[in-house]
Amino acid sequence: MGALDPEVAPWARGGAAGMAGAGAGAGARGGAAAGVEARARDPPPAHRAHPRHPRPAAQPSARRMDGGSGGLGSGDNAPTTEALFVALGAGVTALSHPLLYVKLLIQVGHEPMPPTLGTNVLGRKVLYLPSFFTYAKYIVQVDGKIGLFRGLSPRLMSNALSTVTRGSMKKVFPPDEIEQVSNKDDMKTSLKKVVKETSYEMMMQCVSRMLAHPLHVISMRCMVQFVGREAKYSGVLSSIGKIFKEEGLLGFFVGLIPHLLGDVVFLWGCNLLAHFINAYLVDDSVSDTPGGLGNDQNPGSQVGLSGFQIAVSMLTYPFLLVGDLMAVNNCGLQAGLPPYSPVFKSWIHCWKYLSVQGQLFRGSSLLFRRVSSGSCFALE
């Protein structure tokens, strides 16, 4: 991720976005994003808040999904809605898969094409690595167009399992039991409700991530076989057998901890930021007029909210990167062994190694990729 880990983008996870999510365990980041947008769409209160009392933030995203009657996932339409989310998620995942595939190959350090010489905005000569489009074209030359969809099947299964898990948890632990944030609440009360709702979202995301992670590991390993032209992981069932035989049960959960930490940090970061921005920084006179955060028709407010979602997503990207690298490390594939990667003892070891190399954000950009100072490439 990461993300956003979206994984159309590392930040596109969860809530409605998670149901149609683009990545394995696509829950927390879209859920937080949906919550932030929900705050922006909430109508202004009927009365003016006293200037000495900050306006409480609106509810986060957990309530938005299954709350009121007739809403998504409520009543007799729940099975149909869940099936729709699964189908929509499968379509988005399939369309975005080439993007994730190229990103993963860059994350593991596979650079089959030399950099090209260019100039930056200051006119200085710099080396640029191939962009996503150039990389994708290279994959097509090697494996054909179908090669862009290597590892798609376990990823589709992972997304479907994550969606079904979240839907089932909402039935067992209905969000209706969580008290909504009201405009009449004082700051302390509204914050308690936001914390409670974010905790609910976190529980759903963590459970769905843990259940779907084994399929995520299989998908990652299928994709990085492109590096060494291996065929060790060729199907879901055979891959399950190989991992269990060689690594035991823990082999299905390598890289899980950094992914969970990234999801949790993103979820809490977005929800709490949105809460405090609405409570302290947004003036009621602004929110009640066109252009204010409380105005649903204002595209500028949506852009502003999306801006700090992307910022939080970038801060949590190293967790996504470390989680993906650990999923393929020392599994018998060339991409997880020297010279591409050391054999890491733990995800913390991996994090420290990337930090020293200045590579904690490797793969976060797929268009303008400058050669870093620590790269083996150099200007002649």
Side-chain angles (χ1 to χ4, degrees), residues 1-5 7 10 13 23-25 27-29 100 103-110 151 154-155 158 162 202 205-225 227-228 230 232-233 239-240 242-269 312-364 372 374:
M1 82 188 264
L4 313 212
D5 293 327
E7 286 152 310
R13 302 184 185 177
R29 308 200 173 190
L100 179 73
K103 181 177 184 177
L104 180 63
L105 294 179
I106 294 173
Q107 286 179 331
V108 299
H110 184 54
R155 186 163 172 243
S158 175
S162 178
M202 181 181 67
Q205 170 59 18
C206 289
V207 173
S208 62
R209 166 70 74 178
M210 286 188 289
L211 293 179
H213 192 73
L215 290 167
H216 174 73
V217 171
I218 293 173
S219 177
M220 297 292 104
R221 294 184 180 185
C222 288
M223 286 187 274
V224 298
Q225 289 182 135
V227 176
E230 299 108 335
K232 181 178 181 180
Y233 299 95
S239 298
I240 291 174
K242 285 185 175 70
I243 293 175
F244 185 78
K245 182 179 179 180
E246 296 178 4
E247 304 172 52
L249 190 60
L250 293 179
F252 295 104
F253 298 97
V254 287
L256 174 62
I257 293 178
H259 272 295
L260 286 176
L261 290 175
D263 290 343
V264 169
V265 171
F266 182 91
L267 182 62
W268 282 95
V312 176
S313 177
M314 287 303 298
L315 290 176
T316 58
Y317 178 81
F319 291 100
L320 174 68
L321 173 62
V322 171
D324 288 345
L325 291 183
M326 290 302 298
V328 302
N329 189 251
N330 196 27
C331 65
L333 299 178
Q334 184 176 332
L337 295 170
Y340 283 96
S341 169
V343 175
F344 299 117
K345 299 177 181 178
S346 67
W347 72 270
I348 298 178
H349 179 202
C350 179
W351 183 294
K352 291 180 178 179
Y353 173 82
L354 292 173
S355 179
V356 171
Q357 298 293 321
Q359 297 289 314
L360 276 175
F361 291 90
R362 185 171 65 194
S364 60
S372 62

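One is the number of the first residue; the rest follow in order along the sequence. Values in this document were obtained by computation on a predicted structure and should not be read as measured data.
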Full working for side-chain contact (heavy atoms from CB on, under 4.5 Å) between V224 and E230: CA-CA 9 Å; V224 298; E230 299 108 335; over 6 Å; no

Which pairs would a plain distance check flag for residues 334-343, meaning a side-chain donor or acceptor within less than 3.5 Å of a matching protein atom at least two apart in sequence or in another chain?
{"from": "Y340", "atom 1": "OH", "to": "H110", "atom 2": "ND1", "distance (Å)": "3.2"}
{"from": "S341", "atom 1": "OG", "to": "N329", "atom 2": "ND2", "distance (Å)": "3.1"}

Side chain to side chain, C206 and D263, heavy atoms closer than 4.5 Å: no

CA sep, side-chain torsions, deciding dist, call: R155, I218, side-chain contact (heavy atoms from CB on, under 4.5 Å): CA-CA 8 Å; R155 186 163 172 243; I218 293 173; over 6 Å; no

Aromatic plane relationship, W347 with W351 - under 30° parallel, 30 to 60° tilted, over 60° perpendicular: perpendicular

Test salt bridge (Lys or Arg N to Asp or Glu O under 4.0 Å) applied to E246 - qualifying residues, sequence neighbours left out: K232

Heavy-atom closest pair, residues V254 and G251: CG2-O, 3.4 Å

Test log, rule side-chain contact (heavy atoms from CB on, under 4.5 Å), inputs L333 and V328: CA-CA 8 Å; L333 299 178; V328 302; 5.7 Å; no

Approximate separation, where rounding is to 0.5 Å, of C331 SG and M220 CE: 12.0 Å

Residue pair F252 / F244, side-chain heavy-atom distance below 4.5 Å: yes

Between CG on residue L104 and OG on residue S219, distance to nearest 0.5 Å: 8.0 Å

Distance, nearest 0.5 Å, that separates CG of L325 from SG of C350: 5.0 Å

Minimum-distance pair of heavy atoms, taken over all atoms of G151 and C222: CA-CB, 3.8 Å

Donor-acceptor under 3.5 Å (T316 side chain, V265 main chain): no

Flag if over 12 foreign heavy atoms under 6.0 Å of CZ, F361: yes

Listed once per pair and sorted, the salt bridge (charged side-chain N to carboxylate O under 4.0 Å, His left out) pairs that draw on residues 215-225, sequence neighbours left out: R221-E247

Value rounded to 0.5 Å, distance of CD1 in I240 from OH in Y233: 12.0 Å

Close side-chain approach of V322 to H259, heavy-atom, < 4.5 Å: no

Under 3.5 Å: donor-acceptor pair, side chain of R362, backbone of Q107: yes

Within-4.5 Å side-chain heavy-atom neighbours: L105 and V227: yes

Straight-line distance of L360 CG to K352 NZ, nearest 0.5 Å: 12.5 Å

Interatomic spacing from CG in D324 to NE2 in H216 - rounded to 0.5 Å: 4.5 Å

Working for side-chain contact (heavy atoms from CB on, under 4.5 Å), residues M210 and L260: CA-CA 8 Å; M210 286 188 289; L260 286 176; 4.3 Å; yes

Pairwise side-chain contact, R209 with S162, heavy-atom cut-off 4.5 Å (strictly under): no

Taking every non-hydrogen atom, the tightest pair across G363 and Y317: C-OH, 3.1 Å

Within 6.0 Å of CG in L261, more than 12 heavy atoms from elsewhere: yes

Closest contact, heavy atoms only, S208 versus Q205: OG-O, 3.0 Å

